[in-house]
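Before any comments, here is the structure.
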Protein chains: 2
Amino acid sequence: MGQTFTMDDLRRKLQERQHKMTPQRQTVLQIFLDHPGKHLSAEDVHDILRERKVDIGLATVYRSLELLSELGILQKMEFGDGCSRYEVNTIDPTRHHHHHLICTQCGKVEEFDDDLLENLEQDISKKTGFRVVDHQVKFFGVCKECQAKQ
Amino acid sequence: MGQTFTMDDLRRKLQERQHKMTPQRQTVLQIFLDHPGKHLSAEDVHDILRERKVDIGLATVYRSLELLSELGILQKMEFGDGCSRYEVNTIDPTRHHHHHLICTQCGKVEEFDDDLLENLEQDISKKTGFRVVDHQVKFFGVCKECQAKQ
DNA sequence: TTTTCTGCAAACGATTTGCATACAC
DNA sequence: GTGTATGCAAATCGTTTGCAGAAAA
């Protein structure tokens, strides 16, 4: 449950697909492990790398993010702010991702867990024949803090 | 319920904000009225215009789409295919939008109506203090047709 | 008239790609 | 060694913007 991916998981998954374990890929993953619950963009990652005085080209960051997503280690998501964001995936494939509460005033993204949609998925399959593999839910509104400011 | 926006709605909403009624804006809206249930991108609209031998600059299409969204006539959405898509909004502001079933094989987007999330929104407010204004739900999976092909 | 619009082309920001070199295996 | 990865810069793609002329109000 609280588990997350390790460097060994990365090494194993890379080997399975004849990809190589490189310091760049390790470092990118490490950044996500060091920032649990954060939704980082490629630029964010690149900035953190710069802070750490690690020199990895932005193109390599993009390529690593895509690869890590393909390997199922990262999860790619869009919050409508113009860039793709990533976070470490849940290690248990049977668990769905949490939902996101996006504040339309300050842009903050909170998280919310709920399993209400499991039933809905079965309903959809029955009614439409569509096989649901995953879902993504975003709630738009105003967060507690922004409400207080008004 | 089954109602949709008319050119008079457009004229009225434009006047309220001291914007002008132009043939370009009318034509862009008309395209959406002629394609109910479609999720059109700026390029899509521009292509349809070209088919109809109507010459409207792409920049104007973008500006019209943004304005129509601000007026509440169109609804902007992202399906992760790299561009924003739009469809005519529901005219009844108390009704939430339908959900989308996105096929990860062929990219087709189906629709699905359900009010299950109304309760969930109240739940979120209680637990987190977040005031939910709207939600957006996407289900990813494989559509009936793509399943049949396998 | 006055103000807002349009069209064009240039600018933009996020992301991708071609290619020569460097590195993991 | 061989094949994959990297870094860089250039290319790309959707979208936005500045500006001069055109058209609503």
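All of these numbers come straight from a predicted model, not from anything done at the bench. Any value given below was found using the heavy atoms of this structure, including those in side chains, with hydrogens, waters and symmetry copies removed. By convention in this document, chain letters (A, B, ...) are assigned in the order of the sequence lines, proteins followed by strands, and residues within each chain are numbered from 1.
- No hydrogens or angles considered: a donor-acceptor pair under 3.5 Å links the side chains of E78(A) and S84(A).
- One finds the CD atom of E111(B) at 12.0 Å from the OG1 atom of T128(A) (value rounded to the nearest 0.5 Å).
- Taking for each of C83(B) and V61(A) the nucleotide of DNA chain D with the nearest heavy atom, the 5'-most of the two is the partner of V61(A).
- Distance CZ (R85(B)) to P (dG14(D)): 10 Å, rounded to an integer number of Å.
- Between the NZ atom of K20(A) and the C1' atom of dG1(D) there is a distance of 11 Å, rounded to whole Å.
- Here Q24(A) reaches the OP1 or OP2 of dG7(D): one of its side-chain N or O atoms lies under 4.0 Å away.
- Considering only the side chain of P23(A), dA24(C) comes nearest among dA14(C), dA24(C), dT6(D).
- The distance between atom NZ of K76(B) and atom P of dG14(D), rounded to the nearest whole Å, is 15 Å.
- Taking atom CE of residue M77(B) and atom P of nucleotide dG14(D), one finds them 19 Å apart after rounding to whole Å.
- Comment: D123(A) does not engage K126(A) in a salt bridge, judged by the lack of any side-chain N to carboxylate O separation of less than 4.0 angstrom.
- Counting to the nearest Å, the P atom of dA22(C) and the CG atom of D55(A) are 15 Å from each other.
- Checking dA24(D), dG7(D), dT15(D) against the side-chain heavy atoms of I56(A) singles out dG7(D) as nearest.
- If you check every strand for non-hydrogen atoms under 4.0 Å, R63(B) touches a base.
- Using a 4.0 Å heavy-atom distance criterion, S41(A) is classed as making no nucleic acid contact.
- When each of dC8(C), dT6(C), dT15(C) is scored by its nearest atom to the side-chain atoms of A59(B), the top-ranked nucleotide is dC8(C).
- Comparing dA14(C), dT6(C), dT6(D) against the side chain of T22(A) picks out dT6(D) as the nearest.
- Between L67(B) atom CG and dT15(D) atom P the separation is 17 Å, expressed in whole Å.
- An OP1 or OP2 oxygen of dT16(D) is reached within less than 4.0 angstrom by no side-chain nitrogen or oxygen of Y62(B).
- Among the nucleotides dA24(C), dT6(C), dT15(C), the one closest to the side chain of T60(B) is dT6(C).
- Side-chain contact between F32(B) and L65(B) is present, with heavy atoms from C-beta onward closer than 4.5 Å.
- Sequence order on DNA chain D of the closest nucleotides to H19(B) and S64(A) puts S64(A) first from the 5' end.
- Across the protein-nucleic acid pair, R11(B) atom CZ and dA25(D) atom P stand 7 Å apart, rounded to whole Å.
- Atom-to-atom, CG of L58(B) to P of dA10(C) comes out at 16 Å; the value is rounded to the nearest Å.
- Between L58(B) and E43(B), the closest side-chain pair of non-hydrogen atoms falls below 4.5 Å.
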